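Notes follow the structure.
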Protein chains: 2
Amino acid sequence: MSLLDASLIADVPPFRGINRENLVELLSKAKSERYEIGRTIFCQGEEAHSFFLLLDGHVRVIKVTPEGDQVIARYISNGELFGIAHALGLERYPANAVTAVDCVMLSWPGKLWGTIIEKYPTFATNTYQTVGSRLQETQNKLVEMATKRVEQRVANAILKLANQTGRKTDEGILIDFPISRQNISEMTGTTLHTVSRILSAWENKGIVKSGRKKITVTEDHQLALLAAGELYN
Amino acid sequence: MSLLDASLIADVPPFRGINRENLVELLSKAKSERYEIGRTIFCQGEEAHSFFLLLDGHVRVIKVTPEGDQVIARYISNGELFGIAHALGLERYPANAVTAVDCVMLSWPGKLWGTIIEKYPTFATNTYQTVGSRLQETQNKLVEMATKRVEQRVANAILKLANQTGRKTDEGILIDFPISRQNISEMTGTTLHTVSRILSAWENKGIVKSGRKKITVTEDHQLALLAAGELYN
DNA sequence: ACGGGTATTTGATCTAAAACAAGCTTCCGA
DNA sequence: TCGGAAGCTTGTTTTAGATCAAATACCCGT
């Protein structure tokens, strides 16, 4: 199953510390698949059949409310696990996952999780660490929502995307996948209109350059100040 | 160490499915302690020395921002684990924990966690399940913050408290520990003034009865409608 | 029973951001 | 190269809820 050389993948964080033999075994149980842009990987409420490791691309994790409002819980990048409902003792996926660009990922059948805990405890521990850091990250976002205003939240969201997935260009740090005003509003709990106004204002001040589904951060330090709420004009 | 009879504690959720021998062993490694009301159990940023199981009482888990704003992440009740930084691969506590009433709890040294995974895998699995459900709960709160207005969030918060920790009285369901308007505002991302106004309005409609640090829900169904945003007047 | 601290209520004003409403730009497929 | 859809901008109006500002109620210790 591995066209992927085990040695190439060995330093992806979820595999850190696993011995060679176990890694090869674990990879042999995975299915590798390509997902084209916009494809739904799994749906909220659906029975959790698999868990995934993203090898290349970006995935949006989306929560949908009964009223139809949509919130982007996080973006998954390169080398991250997702859809790990089984590790959390869940039978159903708690969110949707949709590719933001073309992706390649590994997947394991969810029912394998029990075996994994026993046979590859290092991998299990790494997975739990992922869960732990997501809990923290989510809690931090909650605090941010409760205490910061919209501009700071938007600054923070863009800053994080730039740091995690940004690509250096001659103009600044480009967020490396198509992201709309609407998407950013769904990450920060506001409206696309407000995001548009904020980005326009920043563009005038030379902090960002942006276009259709495209954002480049030119003055990340300024943006960090805005995120911290230290600058008001 | 166990004045506590193992058989009494055996059906506390984190211990579910553990065999008798392991349970006794696990309990023998715990320290049991009483914490009086208002006492700080641990602080955000402090090195994680122990993890805890609350046997009786209520604990507030609080996140503090660099600016000094305070957010109540959750209330811990009877039979719940908390301070489980070690299980998440963290070296420091990510929040404060303060008792909301007099409490009794068990604690284990954090450095034991490695041993626990090996020797009491069932307990470890239960712990991870706790983490999983907290991640979900936190994510749901985030969605709520992003999409619902203040009154709905307050309704939801009070409803949850009433369900989880409420005591039936002849007037309705009483939240069984002292909770101020300020506390509720810190749970819902608003101000004590707004909470006060909302409670006054509800009191006029006969949905709740409330006093100083005391709330009784008299019409929980009405409150559930408000939480869902189905009622506007 | 009194006094001071803590919690609550309620009014008045202000404002950030939502909602409403057009118009404009960019892209892509026919 | 044209037309329509999707995405973006920007002006205006509205409003939920914060902020400002007192006044009042309750509780506990002496």
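Nothing here was measured: the structure is a model prediction, and the numbers come from that model. Residue numbers start from 1 in every chain, and the chains themselves are labelled A, B, ... in the order their sequence lines are given, proteins ahead of strands.
Residue contacts for Ser180(B): at a heavy-atom cut-off of 4.0 Å it reaches the sugar-phosphate backbone alone, with no base atom in range.
Considering only side-chain atoms of His193(B), the nucleotide from dA21(D), dT8(C), dG11(C) that sits closest is dA21(D). Distance from the side chain of Ser196(B) is smallest for dT9(C) among the nucleotides dT9(C), dT9(D), dA12(C). Side-chain atoms of Lys213(B) lie closest to dA7(C) of the nucleotides dT12(D), dA17(C), dA7(C).
For Arg149(B) and dT15(D), the CZ to P distance is 11 Å, given to the nearest whole Å. If you take CG of Leu199(B) and C1' of dT8(C), they are 10 Å apart, rounded to a whole angstrom. To the nearest angstrom, P of dA7(C) lies 13 Å from CD1 of Ile179(B). Rounded to whole Å, atom P of dA17(C) lies 11 Å from atom CE of Met145(A). Atom CD1 of Ile184(B) and atom C1' of dT8(C) are 12 Å apart (whole Å). The CZ atom of Arg181(A) sits 19 Å away from the C1' atom of dA18(C) (whole-angstrom rounding). Atom-to-atom, CZ of Arg212(A) to C1' of dA6(D) comes out at 5 Å; the value is rounded to the nearest Å. Residue Gln182(B) contributes atom CD, which lies 13 Å from atom P of dT6(C) at whole-angstrom precision.
Atom CD of Glu91(A) is surrounded by 12 or fewer heavy atoms from other residues, nucleotides or ligands within 6.0 Å. Heavy-atom contacts from other residues, nucleotides or ligands closer than 6.0 Å to NZ of Lys160(A) number more than 12.
Just one of Thr165(A), Val59(A), Asp56(A) meets the side chain to side chain contact (heavy atoms under 4.5 Å, CB included) condition when paired with Ser77(A); it is Thr165(A).
For the pair Thr191(A) and Thr194(B), both in contact range of DNA chain C, the more 5′-proximal nearest nucleotide belongs to Thr194(B).
Contact annotation: the side chain of Phe52(B) never approaches that of Glu33(B) to less than 4.5 Å [non-hydrogen atoms, C-beta and beyond].
Here Arg74(B) does not pair with Glu80(B) in a salt bridge; the nearest charged N to carboxylate O distance is not below 4.0 Å.
Remark: Thr190(A) is in phosphate contact with dA18(C), judged by side-chain N or O atoms under 4.0 Å from OP1 or OP2.
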